[in-house]
**Q** 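I have a structure here, written as structure tokens, and I will follow up with some questions on it.
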Protein chains: 2
Amino acid sequence: MLPTRVARRRFEQLPPERQEEILRVAAEEFARAGFQRTSYNQLLERLQLGKSSAYYYFDDKRDLFLTALQRCYEKFFAVVRTVERPEGAEGFWAFVERSTELGYEFMLEDPTAAALMMCLQREKALLDELGSTELLGVIEAFYADMIREGQRLGTVRADMPFDLVVALVRDASMTFDRWFITARSASTSPSPREAARWYTEVVQRLCRSA
Amino acid sequence: MLPTRVARRRFEQLPPERQEEILRVAAEEFARAGFQRTSYNQLLERLQLGKSSAYYYFDDKRDLFLTALQRCYEKFFAVVRTVERPEGAEGFWAFVERSTELGYEFMLEDPTAAALMMCLQREKALLDELGSTELLGVIEAFYADMIREGQRLGTVRADMPFDLVVALVRDASMTFDRWFITARSASTSPSPREAARWYTEVVQRLCRSA
DNA sequence: ATTTGGCTTGTACCGTCGGTACAACCGTAG
DNA sequence: CTACGGTTGTACCGACGGTACAAGCCAAAT
């Protein structure tokens, strides 16, 4: 990041509509079959982007994937961040529930982004093989901050290793995300409101102070 | 399985010590770097096993991986299955805690098997791409049976979609497994007993009837 | 008007991957 | 001695992600 990542700088000087097209198509392809199973060669062909150009604008396959993914997360957080947090413990849990509900609504509105975000979770083991993803760090920090705040308010238990609580909540959130989209494509279609209610109840069970 | 999987039958007619060596070395290699990142070519070379022989005794890379993995799960269940279940709700939870404790002890005694079993979880998305793993099905059924039994005893909540409860418990178990081995290699070293206590408490919070 | 130089791209290539084709090997049974 | 079926060595395949390198292009300088 010191010289502002040379490849990234070049990409950002492409015509904005071309940037948009590249990231949109990449997101579609990666969301369809995941990172590993998507052929970079075929993706570049569909993008009408020569190989030398590809490696001129992106470091490698992983870089393009993460760039497209990051844009999805930006859209996601732009929606979720609109929730304001009331004070006190009840406000904390209301905030959790409302944010989650907006998150599920986002997943319905932008299924490609949702699928791509699930990819990161499914294949994170393969992705952070070379250097921390920094995106995973941001997500981890999101949950850690949340739990720290809940502990500060005295409504989240502090009698268990902090990392364990964070991991449990993070993974339960992933479980719900997966369940929400698979249940959606099946017959049972929970509304974002219902799903968020269940999620909040489960997280409260998981880690609310006794 | 109809004609008893021809490759498997041939493998089982190898000298037992050779069978053992192949599965042991394969387990070590796969446990080290995971399924995807382990080169089949290099693994076969280390095994002094020619390529044509390899495809004579195993269907493909995935088959060898799953065969080694299955042996690990057999060892695991052989340990855990020694626990007998007392009657009633308290007996149910005592059974959960004791089985979990034995599971953690097993992970300390056979870290290779533990690492390999974690691989399956981390890379399951890549592995069941072609045909159900059947091993994943067994594991899923293990959790489902457990929860059904808890519901029959009235001690596990039944007011939430069954699949969701199963997914939550299964994923929380994975979270604990990961935490247990990473915390072990770090400074904080929870004993199997402590970890199993925490696990049981968390699962009770998650899904015990109100 | 032409040459220069830097950003951009086409083309051919690399090593490795998992997997296959096929002929040679080898012990045994005829 | 031959024929045969189970086993193995060897050469090969297409696809993968990634690299080398020279040509193309366009603006600025001479």
Side-chain angles (χ1 to χ4, degrees), chain A residues 3-19 21-22 25-26 29-30 32-68 119 123 125-131 133, chain B residues 3-16 18-19 21-22 25-26 29-30 32-69 119 123 125-131 133:
Chain A
T4 324
R5 284 242 54 73
V6 52
R8 178 61 39 87
R9 188 159 33 82
R10 297 195 276 228
F11 173 71
E12 281 161 359
Q13 276 159 16
L14 246 41
E17 65 274 16
R18 180 60 170 152
Q19 289 184 39
E21 186 197 7
I22 288 175
V25 173
E29 294 291 299
F30 282 126
R32 171 135 41 103
F35 172 77
Q36 178 70 31
R37 285 164 54 89
T38 295
S39 162
Y40 203 35
N41 293 323
Q42 288 173 220
L43 171 56
L44 296 182
E45 194 174 357
R46 200 190 136 181
L47 279 170
Q48 296 280 63
L49 187 63
K51 216 160 193 189
S52 56
S53 304
Y55 283 91
Y56 185 68
Y57 295 117
F58 298 98
D59 291 338
D60 50 19
K61 181 188 180 187
R62 183 169 162 276
D63 185 30
L64 173 53
F65 174 78
L66 290 176
T67 304
C119 273
E123 305 187 49
L126 302 165
L127 282 162
D128 64 359
E129 59 199 13
L130 197 149
T133 325
Chain B
T4 327
R5 284 240 56 72
V6 52
R8 179 62 38 86
R9 187 160 33 82
R10 296 195 277 227
F11 173 70
E12 281 161 0
Q13 275 159 16
L14 245 42
R18 180 60 171 154
Q19 289 184 38
E21 186 198 7
I22 288 175
V25 172
E29 293 293 296
F30 282 126
R32 169 136 40 105
F35 173 77
Q36 177 69 33
R37 285 165 53 89
T38 295
S39 162
Y40 203 35
N41 292 324
Q42 288 172 220
L43 171 56
L44 297 182
E45 194 173 358
R46 199 189 136 182
L47 279 169
Q48 296 281 59
L49 187 64
K51 214 161 196 188
S52 55
S53 304
Y55 283 91
Y56 185 69
Y57 295 116
F58 299 98
D59 291 337
D60 51 19
K61 180 187 181 188
R62 183 169 163 276
D63 184 31
L64 172 52
F65 174 78
L66 290 175
T67 304
L69 183 63
C119 274
E123 305 186 49
L126 301 165
L127 282 163
D128 63 359
E129 59 199 15
L130 196 149
T133 324

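Residue numbers begin at 1 in each chain, while the letters A, B, ... track the order of the sequences.
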**Q** Return yes if some donor-acceptor pair links the side-chain N/O of B:K61 with the main-chain N/O of B:S39 below 3.5 Å, else return no.
**A**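 Between the backbone of B:S39 and the side chain of B:K61 there is no qualifying donor-acceptor contact (under 3.5 Å).
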**Q** Given axes from five pairs at either end, by how many degrees does the helix from C:dA1-D:dT30 to C:dG30-D:dC1 bend, rounded to 10°?
**A**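 Taking five pairs per end, the axes differ by 40°.
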**Q** Measure from OH on B:Y55 to P on C:dT20 and round the result to the nearest Å.
**A**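 To the nearest whole Å, that distance equals 7 Å.
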**Q** Counting heavy atoms from C-beta on, name the nucleotide in C:dG19, D:dT7, D:dC16 closest to the side chain of B:K61.
**A**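 Looking only at heavy atoms from C-beta outward on B:K61, the closest nucleotide is C:dG19.
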**Q** Has A:R10 got its NZ or CZ under 6.0 Å from the middle of the six-membered ring of A:Y56, at an angle within 45 degrees of the ring axis?
**A**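 Judged by the rule (NZ or CZ under 6.0 Å from the ring centre, within 45° of its axis), A:R10 counts as positioned above A:Y56.
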**Q** Phosphate oxygens OP1/OP2 of D:dA15: is one of them under 4.0 Å from a side-chain N or O of A:N41?
**A** no
**Q** Let's see if you can work this out: which of D:dG18, C:dT8, C:dG18 has an atom nearest to the side-chain heavy atoms of A:Y56?
**A** C:dT8
**Q** Tell me the interatomic distance from A:F35, atom CZ, to D:dC16, atom P, rounded to whole angstroms.
**A** 14 Å
**Q** Looking at the side chain of A:S52, which of C:dT9, C:dT8, C:dC17 is the nearest nucleotide?
**A** C:dT9
**Q** Whole angstroms only, please: what is the CD-P distance between B:E45 and C:dG18?
**A** 13 Å
**Q** Taking atom P of D:dG17 as reference, at what distance in whole Å does atom CZ of B:R37 sit?
**A** 16 Å
**Q** Measuring from the side chain of A:Y57 (C-beta onward, heavy atoms only), which nucleotide among C:dT9, C:dG18, D:dG18 has the closest atom?
**A**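 Between C:dT9, C:dG18, D:dG18, the one nearest the side chain of A:Y57 would be C:dT9.
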**Q** Counting only side-chain heavy atoms from C-beta out, which of C:dG19, D:dT7, D:dG17 sits nearest to B:K51?
**A**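 Of the options given, the side chain of B:K51 lies nearest C:dG19.
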**Q** Taking NZ, NE, NH1 and NH2 as the nitrogens, is one of them in A:D59 or A:R5 under 4.0 Å from a carboxylate oxygen of the other?
**A** yes
**Q** To check you understand the geometry: which heavy-atom pair defines the closest contact between A:D60 and A:Y40, and what is its length?
**A**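 Minimum heavy-atom separation between A:D60 and A:Y40: O-OH, 3.7 Å.
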**Q** Over all heavy atoms of both residues, which pair between A:Q36 and A:E123 is shortest? Give the atoms and the distance, please.
**A**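 Reported closest heavy-atom pair: N-OE1, 3.0 Å.
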